[in-house]
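Being a predicted model, the structure only gives us computed values, none of them experimental. Numbers for residues simply follow the sequence, beginning at 1.
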Amino acid sequence: MNKIWNMQLQKIWHACSIPLFLVLTLWSIHYLLQDMYVVGWTCVAVAAAVMFDYILMRRKKYLLKIVPRIILLFFFIHITLAVLYNDWDSGFQYYFFTTLFSCIFIPSVSVRIKIIVTACCLATYVLLGYASISGWVEPYPQAAKFSFIYFVINTTFVFSLILILAINYQSRLRSTFHKIAAMNETLERLATTDPLTGLLNRRSMTENLEILTAAAKEGAPYSVLLLDVDHFKKFNDCYGHDCGDLVLKLLSSLLNGILPPQHITSRWGGEEFLITVPASKKKAFDIAEKVRTHIEQNVLIFEGQPLQITVTIGVTSIQPGESAFAAITRADHGLLRGKAEGRNRVIEC
């Protein structure tokens, strides 16, 4: 995440370098024309450092641990001298807040660096305030006539930069939340669905069965269909496991296509599928027969060879006071009976 943010930061800094260089150049010219040489030449040094960093970035030589620290040092010196040689009312001291906010809102900056920068900003701000009040350094006489103009420019710039940083931070935070939500959704899907068929897995179906057990206790009609692919081992042994996988995928597709959403379908294990139906055993039997016929009528083409697929289904209803798992056991007995009687049939039990 920090690497991605560093790349974004490089792009933002690269885009802002030329405008910042021009602004610093104008400030430098203004200071030098007003004979404010100390502040002026310091501003020239900051502008030169910004341009040097811009040239390095153009040549794909990112010195993130060196050049920005030099610029930050020059920036600190420039702000300090600007406050001392102008006056406190000019608003140059507010740039310490931009430095502080920039440091706080950049996630790649370590906590130790954030604490150091915060302490330096606080100490320098307090000392400059005391120095201005005490008159340690005599401000430039010509600075007084520009004091209000300096104040308007500096406060506008500082507030604008803080707003931009806050908007950028909020945007990154929102993007991070969306990514986390998407990851959680993916993890939830992986935890609850079978990767091959896309149906609910046994774990997720078990949770649904507990709900059905509670509903059945209240007298709601629910039935279960336990479906097994006939001669599934033959597909794997004769045509390979890829063929077996295609059989399971085809079945899941056929089940999703013929069953309404309120009928919950899952891959119960191996070539077995479990379906819960909110209906009586008689209606569930009709649904199971419809499913069996639909599967029988569809042929799988594997490597140019048509393969007939049939299924055997055990059907039963959940009795009041009975758990869904007990009903599944009963449906399994019906399924075994159907296999013994010749397969490709529905057995009610």
Under 3.5 Å, side chain of Glu348 to main-chain N/O of Lys281, donor-acceptor pair present?
no

side-chain contact (heavy atoms from CB on, under 4.5 Å) partners of Ser253, counting only residues at least two apart
none

In chain order, what residues pass the side-chain contact (heavy atoms from CB on, under 4.5 Å) check against Ile116, with sequence neighbours excluded?
Arg112, Cys120

With sequence neighbours left out, what residues match Asp332 under salt bridge (charged side-chain N to carboxylate O under 4.0 Å, His left out)?
none

Answer yes if Leu251 and Leu200 sit in the same cluster of Ile, Leu, Val, Met, Phe, Trp and Tyr residues linked by side chain heavy atoms under 4.5 Å apart, and no otherwise.
no

Under 3.5 Å, sequence neighbours excluded: what are the donor-acceptor pairs made by side chains of residues 294-301?
unit_1 : atom_1 : unit_2 : atom_2 : d
Glu296 : OE1    : Arg292 : NH1    : 3.1
Glu296 : OE2    : Asn344 : ND2    : 3.1
Asn298 : ND2    : His294 : O      : 2.6

Strictly by salt bridge (Lys or Arg N to Asp or Glu O under 4.0 Å), give each pair with a member in residues 208-229 just once, sequence neighbours left out.
Asp228-Lys339

More than 12 heavy atoms of other groups within 6.0 Å of Gln262 CD
yes

Under the side-chain contact (heavy atoms from CB on, under 4.5 Å) test, residues paired with Arg203 that sit two or more places apart:
Ala191, Thr192, Asn201, Glu207

With no hydrogens and no angle check, is any side-chain donor or acceptor of Thr293 less than 3.5 Å from a backbone partner on Glu289?
yes

Go through the structure and list residues passing side chain to side chain donor-acceptor pair (under 3.5 Å) with Tyr95, not counting sequence neighbours.
Asn154

Which one of Gln308, Arg343, Glu271 satisfies the side-chain contact (heavy atoms from CB on, under 4.5 Å) criterion with His231?
Arg343

Got a donor-acceptor contact below 3.5 angstrom from the Thr124 side chain to the Cys121 backbone?
no

Could you check Phe325 against Thr206 for side-chain contact (heavy atoms from CB on, under 4.5 Å), going step by step and ending with a plain yes or no?
CA-CA 9 Å; Phe325 302 100; Thr206 300; 3.6 Å; yes

Which residues pass the side chain to side chain donor-acceptor pair (under 3.5 Å) test with Ser223, not counting sequence neighbours?
none

Does CZ in Phe148 sit with more than 12 non-hydrogen atoms of other residues, nucleotides or ligands closer than 6.0 Å?
no

Show me the donor-acceptor pairs, under 3.5 Å and distance only, between side chains in residues 233-248 and residues at least two apart or in other chains.
unit_1 : atom_1 : unit_2 : atom_2 : d
Lys233 : NZ     : Asp237 : OD2    : 2.5
Tyr239 : OH     : Gln305 : NE2    : 3.2

Residue set satisfying side chain to side chain donor-acceptor pair (under 3.5 Å) with His30, at least two apart, ordered chain then number -> Tyr150

Parallel, tilted or perpendicular for Tyr31 and Phe92, by the 30°/60° rule?
tilted

When the side chains of residues 36-47 are checked against the rest of the protein, which donor-acceptor pairs come out under 3.5 Å, sequence neighbours left out?
unit_1 : atom_1 : unit_2 : atom_2 : d
Tyr37  : OH     : Asp35  : OD1    : 2.9
Thr42  : OG1    : Val38  : O      : 2.7

ring-ring contact (aromatic ring centres under 6.0 Å, His included) assessment of Trp88 paired with Tyr125:
CA-CA 11 Å; Trp88 189 258; Tyr125 190 88; 5.3 Å; yes

I want to check something: taking the side chain as every heavy atom from C-beta on, are Thr186 and Arg189 in contact at a cut-off of under 4.5 Å?
yes

Same cluster or not: Ile347 versus Trp268, using hydrophobic residues (I, L, V, M, F, W, Y) connected whenever any side-chain heavy atoms lie under 4.5 Å apart?
no

Does a salt bridge link Arg330 with Glu322, judged by any charged N lying under 4.0 Å from a carboxylate O?
yes

Side-chain heavy atoms nearer than 4.5 Å, only ILVMFWY residues, links allowed to pass through others: does that put Leu225 and Phe273 together?
yes

Sequence neighbours excluded, which residues qualify as side chain to side chain donor-acceptor pair (under 3.5 Å) partners of Thr310?
Asp230

